[in-house]
S.K.: 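First the structure, then my questions, so here it is.
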Amino acid sequence: MGSQVLIASLSTTPQSSIASSSSRIQHTLAQRNHIPAHVYKHPAAILLELCTSMEELHQIIPLIVKNGLYEEHLFQTKLVSLFCRYGSLTEATRVFDSIEDKNDAVYHTMLKGYAQNSSIFDGFSFFCRMMDDGVQPVVYNFTYLLKGCGESCLVRKGKEVHAQLILNGHGGDVYAMTCIVNMYAKCRLIDDAYKVFVRFPERDLVCWNTIIAGYAQNGLAGRAIELVSQMQGEGLRPDPITIISVLPAVGNIGHLRVGKSIHGYVFRCGYERHANVSTALVDMYLKCGSLCIGRVIFDKMCGRNVVSWNIMIDGYAQNGDSAEALMLFEKMLDDGVKPTGVTIMAALHACADSVDLERGQFIHRLVNELGLHPDVSVMNSLISMYCKCKRVDIAAEIFKNLKGRTLVSWNAMILGYAQNGRVIDALNHFRHMKLQNIEPDSFTMVSIIAAVSELSILCQGKWIHGLVTRTCLDGNVFVKTALVDMYAKCGAISTARKLFDLMDERHVTTWNAMIDGYGTHGCGRDAIELFREMENGDVKPNNITFLCIISACSHSGFVEEGIRYFSIMKEKYGIESTMDHYGAMVDLLGRSGRLNEAWNFILNMPVEPEINVFGAMLGASKIHKNVELGEMAANRLFKLNPNDGGYYVLLANMYASASISWHSHSKKIYAFLETLIDRIKAAGYVSDTDSIHDVEDDLQEQMVNTHSEKLAIAFGLLNTRPGTPIHIRKNLRVCGDCHTATKFISLVEQREIVVRDLHRFHHFKNGTCSCGDYW
DNA sequence: CTAGGGTTAG
């Protein structure tokens, strides 16, 4: 605006009146005593000082040319500098090239432009040209290059500059050496950074801040905090930048006590007026899990910027409070704050968590309006959101059109397919990714392993294990956990345990996977033993751990133990129950036959029971043939969701009629099955028609005898060598008759048969089942 | 032209 007035007046009024109106600027310029007064006093020089955008610059240039000032070094250098600042290296270079007698200053300015606005390699090329042209570099020229080396992680180049500086006798220059420390830290060579730092003859606040930020950014939070104390021991007081550098580290290790003491210091110094300091405080509290304190600071801070909003919204999203995250996001839009890519990613995260497709699509439109579609990270978040909302089709379309896909994009898609049960698509996508020479990472492998686990096919599982080993990703704790889970899901529970035992580092999900594995295999004792081991270790159980252990107790009939776990969850670990925990408890009580207790448990729940709770009640009523409670549960179920009620009825009917008659070998299988049934009947098997009603008597036996699991076992026996264990997977609960029949088959055929049903594993061997007829 | 340090993110 100031420039606009000046531009207007420059064309109409004498120079002197304009110059007198900007005496402060003129004074600054006058200090540059090597510049002739007629140049620095010229109004065009003042205009350039006030210039704030490329548009204004383009308006000023004709005036400079018209006044014959274009030949003056001051103007040439200033133009090069401004073009660089506004990001146009082309125009800067055009001005630079047109200068016939270039002075050192314009070389230095051009170098700065290249180092900051172009690839660091262009910076080095220009540096070489400058040397060839006989221009001697000054110390600060190296600092431009060092910054670029740090940003691009170019250690080799950085070390060259380091050597150059030492050779030129700048080893004691605090400014240059601080740049070196920063460069090593950014290149993740924090030890090298520290070696340079300790050799400083005198340490000022800036170099301390550099090394503190270096440790913080390299994940060494404790060391960063330690250095702040050390710095204070040397009589230096942390400034806002020290605070902003160290707080993320405090948050990362969740050290609330240290965070609070820093907060106290900030308060005493009055630093909370700095928006960035308050923002860093909010971030720290959120990362330490103290959402309320973070929110209070956020609500009363002045000068909230988009980063503050982003941190707050993401804080809620990360803590699972999607509703509050989205509420805040809308408030931000209402306040007229323009979202950035980070905002959008946090909001999409919240949409995905709450499976809110409608809002997700609104944000998708917003992405286009804001012109954020070239941001690959934002597009990756959209892919994840659509996958989570079961719209893999839309996600795949976005992926197809995505320019500059990253590994994250591929991972999001693979995970999406895996989570939506599209195992084949997941594997195909993985194959395409490798064909394009994109190297998988631990995230890729976790998704692929999870997808393969779905199949419950042991040989596939072993194949993926081999693949993981070949890609050298088998050291990652999450990959190993996925493998433990996979072996358990493929029925190889002892292999799972062997892998678990071999792990030197275990995450809470690792324990959960193993406990759940024992649970679904009916090894309740092992699950309880493992939980005890966990309680004595360093890893704290979470709400999923309790879900696994309660369900393990349920599968093995350890009702009292299950009840105890449910109570210590809240009392000892302060973990609140979710709807899944209530469902697991109803299952625990109901399955063991304590149906009235289960019903009372539902009536006494502090929150409204949802579908899963009544579903468990209905299932238990069915097992124990309690029609009265079963109907009550079913009624509540239909009220909550009529469609799901239909699903349950369908489930019951399908149970009796499922078959694999489509199979090409069906005739052969049916014939074989007939002889098999005869053989097990000879061994004492009696067909149970109890579970089928409304069908004519003579058809009943035939229907039961052709249940899908019997057909599948027959298929397995026909197609594998004698003695090979047979793995069967069933998406419903195994029926009583099939269970009995399978026991007999395992005896007469001398085969180990592993059946995975909707809830658990059954290991049949020599006429008995691992579930002890309890499931 | 005339130098060095900082915050959000799968």
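Letters A, B, ... are given to chains in the order of the sequence lines, protein chains preceding strands, and every chain is numbered from 1.
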S.K.: Within the stacking criterion (centroid distance below 5.5 Å, interplanar angle below 30°), does Tyr175(A) stack on dA3(B)?
M.R.: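 It does: the ring sits over the base of dA3(B).
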S.K.: Measure the distance from CG on Leu82(A) to P on dC1(B) and round it to the nearest whole Å.
M.R.: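 It works out to 7 Å between those atoms.
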S.K.: How is Asn276(A) classified with respect to the nucleic acid when contacts are heavy atoms under 4.0 Å: base, sugar-phosphate, or nothing?
M.R.: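 Base contact - Asn276(A) has a heavy atom under 4.0 Å of at least one base atom.
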S.K.: Just by modelled atom types, is the Val106(A) backbone N or O under 3.5 Å from a matching donor or acceptor in the Asn103(A) side chain?
M.R.: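 Indeed, once roles are kept as given, a pair shorter than 3.5 Å links the two residues.
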S.K.: Can you figure out which of dG6(B), dT8(B), dG4(B) approaches the side chain of Val206(A) most closely?
M.R.: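 Of the options given, the side chain of Val206(A) lies nearest dG4(B).
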S.K.: Between Arg203(A) (CZ) and dG4(B) (C1'), how many Å, whole number?
M.R.: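 Rounded to whole Å, this separation is 16 Å.
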S.K.: Students often get this wrong, so: under 4.0 angstrom with heavy atoms, is Ser377(A) touching a base, only sugar-phosphate, or nothing?
M.R.: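 Counting heavy atoms under 4.0 Å across all strands, no contact is made by Ser377(A).
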S.K.: Give one of base, sugar-phosphate or nothing for Asn141(A), where a contact means two heavy atoms less than 4.0 Å apart.
M.R.: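 The answer is nothing, as Asn141(A) stays clear of every strand by at least 4.0 Å.
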S.K.: Would you mind telling me which of dA9(B), dG10(B), dA3(B) lies closest to the side-chain atoms of Val342(A)?
M.R.: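 Closest nucleotide among those given: dA9(B).
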S.K.: Quick check on dG6(B): is either OP1 or OP2 less than 4.0 Å from any side-chain nitrogen or oxygen of Lys186(A)?
M.R.: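 Yes.
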S.K.: Are Tyr144(A) and the base of dA3(B) stacked, counting only ring centres nearer than 5.5 Å and planes tilted under 30°?
M.R.: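 Here Tyr144(A) fails the 5.5 Å or the 30° condition.
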S.K.: Which nucleotide in the set dA3(B), dC1(B), dG10(B) lies at the smallest distance from any side-chain heavy atom of Thr77(A)?
M.R.: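 Of all the options, the side chain of Thr77(A) is nearest to dC1(B).
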S.K.: Checking Arg94(A) against Phe83(A): charged group under 6.0 Å from the ring centre and within 45 degrees of the axis?
M.R.: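 Pair Arg94(A)/Phe83(A) does not count as cation-pi.
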S.K.: Can you find a donor-acceptor N/O pair under 3.5 angstrom joining the side chain of Asp173(A) to the base of dG4(B)?
M.R.: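 No, the side chain and the base share no sub-3.5 Å donor-acceptor pair.
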S.K.: Counting only side-chain heavy atoms from C-beta out, which of dG10(B), dC1(B), dT7(B) sits nearest to Lys78(A)?
M.R.: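 In terms of side-chain proximity for Lys78(A), the closest of dG10(B), dC1(B), dT7(B) is dC1(B).
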S.K.: To the nearest Å, give me how far apart CG (Leu372(A)) and C1' (dA9(B)) are.
M.R.: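 Rounding to the nearest Å, CG of Leu372(A) and C1' of dA9(B) are 13 Å apart.
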S.K.: Picking from dT7(B), dC1(B), dG10(B), which would you name as closest to the side chain of Met345(A)?
M.R.: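 Selected nucleotide: dG10(B).
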S.K.: Would you say the rings of Tyr215(A) and Phe197(A) are close, in the sense that their centroids are separated by under 6.0 Å?
M.R.: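 They do not qualify: ring centres at least 6.0 Å apart.
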S.K.: Whole angstroms only, please: what is the CG-C1' distance between Asn305(A) and dT7(B)?
M.R.: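 In whole Å, dT7(B) C1' lies 9 Å from Asn305(A) CG.
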S.K.: Rounded off to whole Å, could you give me the CG-to-P distance for the Asn252(A) and dT8(B) pair?
M.R.: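 That distance rounds to 8 Å.
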S.K.: dT7(B) phosphate, OP1 or OP2: any side-chain N/O from Gln217(A) under 4.0 angstrom?
M.R.: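 For dT7(B), OP1/OP2 do have a side-chain N/O of Gln217(A) under 4.0 Å.
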S.K.: Between dT2(B), dG6(B), dG4(B), which nucleotide gets closest to the side-chain atoms of Val174(A)?
M.R.: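 Of the candidates, dG4(B) comes closest.
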S.K.: Can you list the steps and then say if Trp309(A) with Phe298(A) is a ring-ring contact (aromatic ring centres under 6.0 Å, His included)?
M.R.: CA-CA 8 Å; Trp309(A) 283 96; Phe298(A) 175 82; 5.1 Å; yes
S.K.: Whole Å only: how far is the NZ atom of Lys287(A) from the P atom of dT7(B)?
M.R.: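 Going from Lys287(A) (NZ) to dT7(B) (P), I get 10 Å.
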S.K.: So Tyr140(A) and His108(A), would you call those rings parallel, tilted or perpendicular, with 30° and 60° as cut-offs?
M.R.: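 Ring orientation of Tyr140(A) relative to His108(A): perpendicular.
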S.K.: Which nucleotide, dG10(B), dT2(B), dG4(B), lies nearest any side-chain atom of Thr178(A)?
M.R.: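 Of the candidates, dG4(B) comes closest.
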S.K.: From CE of Met284(A) over to C1' of dT8(B), roughly how many Å is that when rounded to an integer?
M.R.: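 Answer to the nearest Å: 15 Å.
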S.K.: Touch check for Asn103(A), heavy atoms < 4.0 angstrom, all strands: base, sugar-phosphate only, or nothing?
M.R.: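 Nothing, no heavy atom under 4.0 Å.
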S.K.: Starting the side chain at C-beta, find the nucleotide from dT7(B), dG4(B), dG10(B) nearest to Cys207(A).
M.R.: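 Given the options dT7(B), dG4(B), dG10(B), the side chain of Cys207(A) is closest to dG4(B).
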S.K.: Scan Ala213(A) against the nucleic acid and name what it touches under 4.0 Å (heavy atoms): base, sugar-phosphate only, or nothing.
M.R.: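 Ala213(A): backbone/sugar contact only, no base atoms under 4.0 Å.
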S.K.: Give the nucleotide from the list dT8(B), dC1(B), dG6(B) with an atom nearest to the side chain of Val307(A).
M.R.: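 Of the options given, the side chain of Val307(A) lies nearest dT8(B).
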S.K.: Are the side chains of Leu247(A) and Asp283(A) in touch, meaning some heavy atoms are under 4.5 Å apart?
M.R.: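 SC-SC contact between Leu247(A) and Asp283(A) ruled out.
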S.K.: Strictly below 4.0 Å: does Lys112(A) bring a side-chain N or O up to OP1 or OP2 of dA3(B)?
M.R.: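 Answer is no, no contact under 4.0 Å.
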S.K.: Measure from the ring center of Phe142(A) to the ring center of Phe127(A) and say whether it is less than 6.0 Å.
M.R.: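 Yes, they do, as the ring centres are separated by less than 6.0 Å.
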S.K.: My understanding is that only residues two or more places apart in sequence, or in another chain, count here; which of them pass side chain to side chain donor-acceptor pair (under 3.5 Å) with Tyr417(A)?
M.R.: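 Tyr417(A) satisfies side chain to side chain donor-acceptor pair (under 3.5 Å) with no residue once adjacent residues are dropped.
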S.K.: Taking only the side-chain heavy atoms of Gln318(A) (C-beta and beyond), determine which of dG10(B), dG6(B), dA3(B) contains the nearest atom.
M.R.: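 Closest of the options to the side chain of Gln318(A): dG10(B).
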S.K.: With a 4.0 Å heavy-atom cut-off, tell me which residues in residues 237-244 of chain A come close to DNA chain B, sorted by residue number.
M.R.: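 Residues of residues 237-244 of chain A under 4.0 Å from DNA chain B: Asp239(A), Ile241(A), Ile244(A).
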S.K.: What does Asn310(A) touch in the nucleic acid at a heavy-atom separation under 4.0 angstrom: a base, only the sugar-phosphate, or nothing?
M.R.: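 Touches a base.
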S.K.: Under the side-chain contact (heavy atoms from CB on, under 4.5 Å) rule, collect the residues that match up with His274(A), sequence neighbours excluded.
M.R.: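 Checked His274(A) against side-chain contact (heavy atoms from CB on, under 4.5 Å); matches are Pro240(A), Tyr271(A), Val277(A).
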S.K.: Expressed in angstrom and rounded to an integer, what is the separation of Leu286(A) atom CG from dT8(B) atom P?
M.R.: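 It works out to 13 Å between those atoms.
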